[in-house]
Amino acid sequence: MPKIISTHSFRGGTGKSNTTANLAVMLARRGNRVGIIDTDIQSPGIHVLFSFSERQVKYTLNDYLWGKCRIEQAAYDVTETAIGSVSEKDERPRLFLIPSSVRSGEIAHILREGYDVGLLNDGFQELLARLRLDYLFIDTHPGVNEETLLSIAVSDMLILIMRPDNQDFQGTSVTVELARRLEVRELLLVVNKIPPGMDTGALREQIEGAYKAEVAGLLPLNAEIVNLASGGIFSNRFPDHPFTQELMRVAARIAG
């Protein structure tokens with residue numbers, strides 16, 4: 001059965017989009033058809049990781065929400081950029097990106113007039129069916145708003161990304177509580193930007209004890225990802241890096 005996976009963080013700056021992009025690539029490399037939809041309409045950015053520029057875009061998620069196109073018309077095949085060239089005859093692997101608009105006027109339009117959030121759920125289901133996806137990743141807006149609640153509610157799995165930081169601890173507890181009220185089927189925690197020397201075993205025990213949820217990954221803070229500056233998919237550039245190896249364990253956990 002296809003699976004909808006929301007990736008979320010209560011605060012910005014946790015590395016949510018980088019983590020989402022890398023997990024999607026890893027699952028595509030396993031021979032799956034994977035989609036990523038950028039619902040962070042106020043500050044979209046995951047497309048940059050796939051070297052996807054505005055001039056390549058005809059339709060975006062915004063156009064779908066305003067009734068200008070079908071949702072699959074806003075889906076772009078980024079398989080070659082993400083995992084290398086594959087035969088057009090091969091249906092798998094495949095990776096599709098559904099970007100949000102980066103045009104300031106269109107962002108302002110959304111903020112000013114809003115949109116029918118219910119259309120998002122329709123769009124998720126249509127993407128699963130029309131692109132025959134195995135996994136659909138929803139890259140959400142940080143914090144809690146109507147779109148976030150909908151994404152969490154319709155997800156088969158919620159991945160919460162946090163840092164070992166007191167503000168993140170408090171904010172994550174809010175999202176965990178909301179997820180449980182919305183009866184999310186599966187909840188995983190990923191801790192990112194762990195500084196050198198921190199006891200990861202004690203950190204895992206502390207977080208799992210506090211939230212009564214599984215910590216699927218403990219990702220180290222590293223200079224390489226900072227230097228990459230969103231200039232590509234980290235796991236492709238650094239396949240043997242401890243960060244990549246830990247993310248591969250998270251991808252394997254998602255795949256069951």
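Values below: all heavy atoms of this structure, side chains included; hydrogens, waters and symmetry mates excluded.
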Side-chain contact, heavy-atom cut-off 4.5 Å: [X] with [Y]?
X	Y	answer
Val25	Phe50	yes
Pro164	Met198	yes
Leu95	Asp77	no
Asp116	Leu65	no
Pro99	Ile46	no
Val34	Phe96	no
Val190	Leu160	no
Tyr115	Leu120	yes

Under the 3.5 angstrom rule, does the side chain of [X] hit a backbone N or O of [Y] as a donor-acceptor pair?
X	Y	result
Asn62	Ser101	yes
Arg237	Gly231	yes
Ser6	Ser151	yes
Thr244	Phe238	yes
Tyr64	Gly123	yes
Tyr211	Leu189	no
Thr172	Phe169	no
Asn222	Pro220	yes
Lys212	Gly209	yes
Arg185	Ser155	no

Going from [atom1] on [X] to [atom2] on [Y], what distance comes out if it is rounded to the nearest 0.5 angstrom?
X	Y	atom1	atom2	value
Leu128	Met1	CG	CE	9.0 Å
Leu27	Lys3	CG	NZ	9.0 Å
Met157	Thr7	CE	OG1	12.0 Å
Arg249	Met26	CZ	CE	10.0 Å
Thr39	His8	OG1	NE2	10.0 Å
Arg163	Asp168	CZ	CG	4.0 Å

Can you name the ring-ring contact (aromatic ring centres under 6.0 Å, His included) partners of Tyr59, sequence neighbours left out?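 Tyr59 satisfies ring-ring contact (aromatic ring centres under 6.0 Å, His included) with no residue once adjacent residues are dropped.
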hydrophobic_cluster_shared for Phe137 and Ile83, side chain cutoff 4.5 Å: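 Linked, Ile83 and Phe137 end up in one cluster.
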Phe10, Val184: one ILVMFWY side-chain cluster at the under-4.5 Å cut-off?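 Cluster IDs for Phe10 and Val184 match.
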Got a sec, which hydrophobics cluster with Leu111, joining ILVMFWY side chains under 4.5 Å apart, including via others?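 Leu111 shares its hydrophobic cluster with Ile107.
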For [X], is the [atom1] atom crowded, meaning more than 12 foreign heavy atoms sit under 6.0 Å from it?
X	atom1	result
Glu208	CD	yes
Asn166	CG	no
Glu146	CD	no
Arg92	CZ	yes
Glu113	CD	yes
Arg103	CZ	no
Glu205	CD	no

Pair [X] + [Y], salt bridge at N-O below 4.0 Å:
X	Y	answer
Arg94	Glu80	no
Arg180	Glu177	no
Asp63	Lys58	no
Lys193	Asp165	no
Glu214	Arg253	yes

Under a plain distance cut-off of 3.5 Å, with no hydrogens placed, do Ser17 and Asp139 share a side-chain donor-acceptor pair?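 Yes, Ser17 and Asp139 have a side-chain donor paired with an acceptor closer than 3.5 Å.
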Is it the case that His141 and Glu147 place a side-chain donor and acceptor less than 3.5 Å from each other?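 No, no side-chain donor-acceptor contact under 3.5 Å.
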Could you list the residues that satisfy side-chain hydrogen bond (donor to acceptor under 3.5 Å, both in side chains) with Asn22, not counting sequence neighbours?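 Partners of Asn22 by the side-chain hydrogen bond (donor to acceptor under 3.5 Å, both in side chains) criterion, ordered by chain and then number, come out as Ser235.
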Would you please classify the geometry between the Phe234 ring and the His241 ring as parallel, tilted or perpendicular, with 30° and 60° separating the classes?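 Judged by the thresholds at 30° and 60°, the geometry between His241 and Phe234 is perpendicular.
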Would you mind telling me which of Ile110, Thr60, Leu61 makes a side-chain contact (heavy atoms from CB on, under 4.5 Å) with Trp66?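 It is Ile110; the other options fail the test.
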With side-chain contact (heavy atoms from CB on, under 4.5 Å) as the test, would you mind laying out the steps for Ile5 and Asp156 before giving the verdict? CA-CA 6 Å; Ile5 304 169; Asp156 301 291; over 6 Å; no
Would you say the ring centroid of Phe52 lies under 6.0 angstrom from that of Tyr76?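 Ring centres of Tyr76 and Phe52 closer than 6.0 Å.
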